[in-house]
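Here the structure is laid out as structure tokens; the discussion comes afterwards.
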Amino acid sequence: MRRYVYYRVAEGEVGACAEAARAVIASLPFAVELLRRPEIRDGLATLMEVHQAPDEHAAADAEARLAAALAPWIVGERHVERFVPL
């Protein structure tokens, strides 16, 4: 299962947010890639996490841990999309 989670962060807070995300990601038992869009819109950067979880439970736990850790920096909502292999 893969989860794609994206959210917006103030341009000047990207570094702090990414550092907090990497701390959580380092503790997870599966890979999570952290990306960002190259452009800034309205002073906000868009970040994305790509979770490659082994199952729904692990994915939900990781997403909840990241959401809690990053809440101080996120402007608006975290958008979560799930995909499974065909």
Side-chain angles (χ1 to χ4, degrees):
M1 161 173 286
R2 289 199 180 152
R3 281 189 186 212
Y4 297 84
V5 183
Y6 60 96
Y7 44 90
R8 293 168 49 122
V9 174
E11 181 178 12
E13 299 293 326
V14 170
C17 183
E19 185 176 324
R22 287 185 185 110
V24 174
I25 290 167
S27 72
L28 297 175
F30 58 86
V32 176
E33 186 175 13
L34 186 61
L35 307 166
R36 70 170 282 178
R37 280 194 177 138
E39 67 275 350
I40 300 295
R41 291 187 184 154
D42 301 322
L44 299 172
T46 302
L47 304 187
M48 176 178 276
E49 303 158 12
V50 181
H51 300 224
Q52 297 185 39
D55 58 52
E56 179 62 31
H57 176 73
D61 179 61
E63 199 278 319
R65 289 173 57 190
L66 281 156
L70 305 182
W73 294 282
I74 294 174
V75 177
E77 299 179 27
R78 283 172 60 89
H79 303 276
V80 179
E81 298 184 18
R82 295 167 187 86
F83 290 81
V84 295
L86 289 174

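Numbers for residues simply follow the sequence, beginning at 1.
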Can you name the closest pair of heavy atoms from [X] and [Y] and give their distance?
X   : Y   : value
L66 : I25 : CD2-CG1, 4.2 Å
V24 : A69 : CG2-CB, 3.6 Å
L70 : A21 : CD2-N, 3.5 Å
C17 : L47 : SG-CD1, 4.0 Å

Is [Y] reachable from [X] through a run of hydrophobic residues whose side-chain heavy atoms are each under 4.5 Å from the next?
X   : Y   : value
Y7  : W73 : yes
Y4  : Y6  : yes
V5  : L44 : no
V80 : L34 : yes

Open item on the list: For H51 and E49: C-alpha separation, side-chain torsions, deciding distance, then whether side-chain hydrogen bond (donor to acceptor under 3.5 Å, both in side chains) applies.
Closed with: CA-CA 6 Å; H51 300 224; E49 303 158 12; 2.8 Å; yes

Task: side chain to side chain donor-acceptor pair (under 3.5 Å) partners of Q52, counting only residues at least two apart - done: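 Checked Q52 against side chain to side chain donor-acceptor pair (under 3.5 Å); zero matches.
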
Supply the atom-to-atom distance [X] [atom1] to [Y] [atom2], rounded to the nearest 0.5 angstrom.
X   : Y   : atom1 : atom2 : answer
F83 : E81 : CZ    : CD    : 5.0 Å
R82 : M1  : CZ    : CE    : 7.0 Å
R36 : T46 : CZ    : OG1   : 9.0 Å
E33 : M48 : CD    : CE    : 10.0 Å
E19 : E13 : CD    : CD    : 11.5 Å

Open item on the list: Among residues at least two apart in sequence or on other chains, which ones pass side chain to side chain contact (heavy atoms under 4.5 Å, CB included) with P54?
Closed with: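 With sequence neighbours excluded, P54 shows a side chain to side chain contact (heavy atoms under 4.5 Å, CB included) to F30, A58, given in chain and number order.
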
Task: salt bridge (charged side-chain N to carboxylate O under 4.0 Å, His left out) involving E39 - partner list, sequence neighbours excluded - done: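 R41.
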
- [ ] Report, as yes or no, whether the 6.0 Å neighbourhood of atom CZ on R37 holds more than 12 heavy atoms from other residues, nucleotides or ligands.
- [x]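 For R37, atom CZ is not crowded (no more than 12 foreign heavy atoms under 6.0 Å).
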
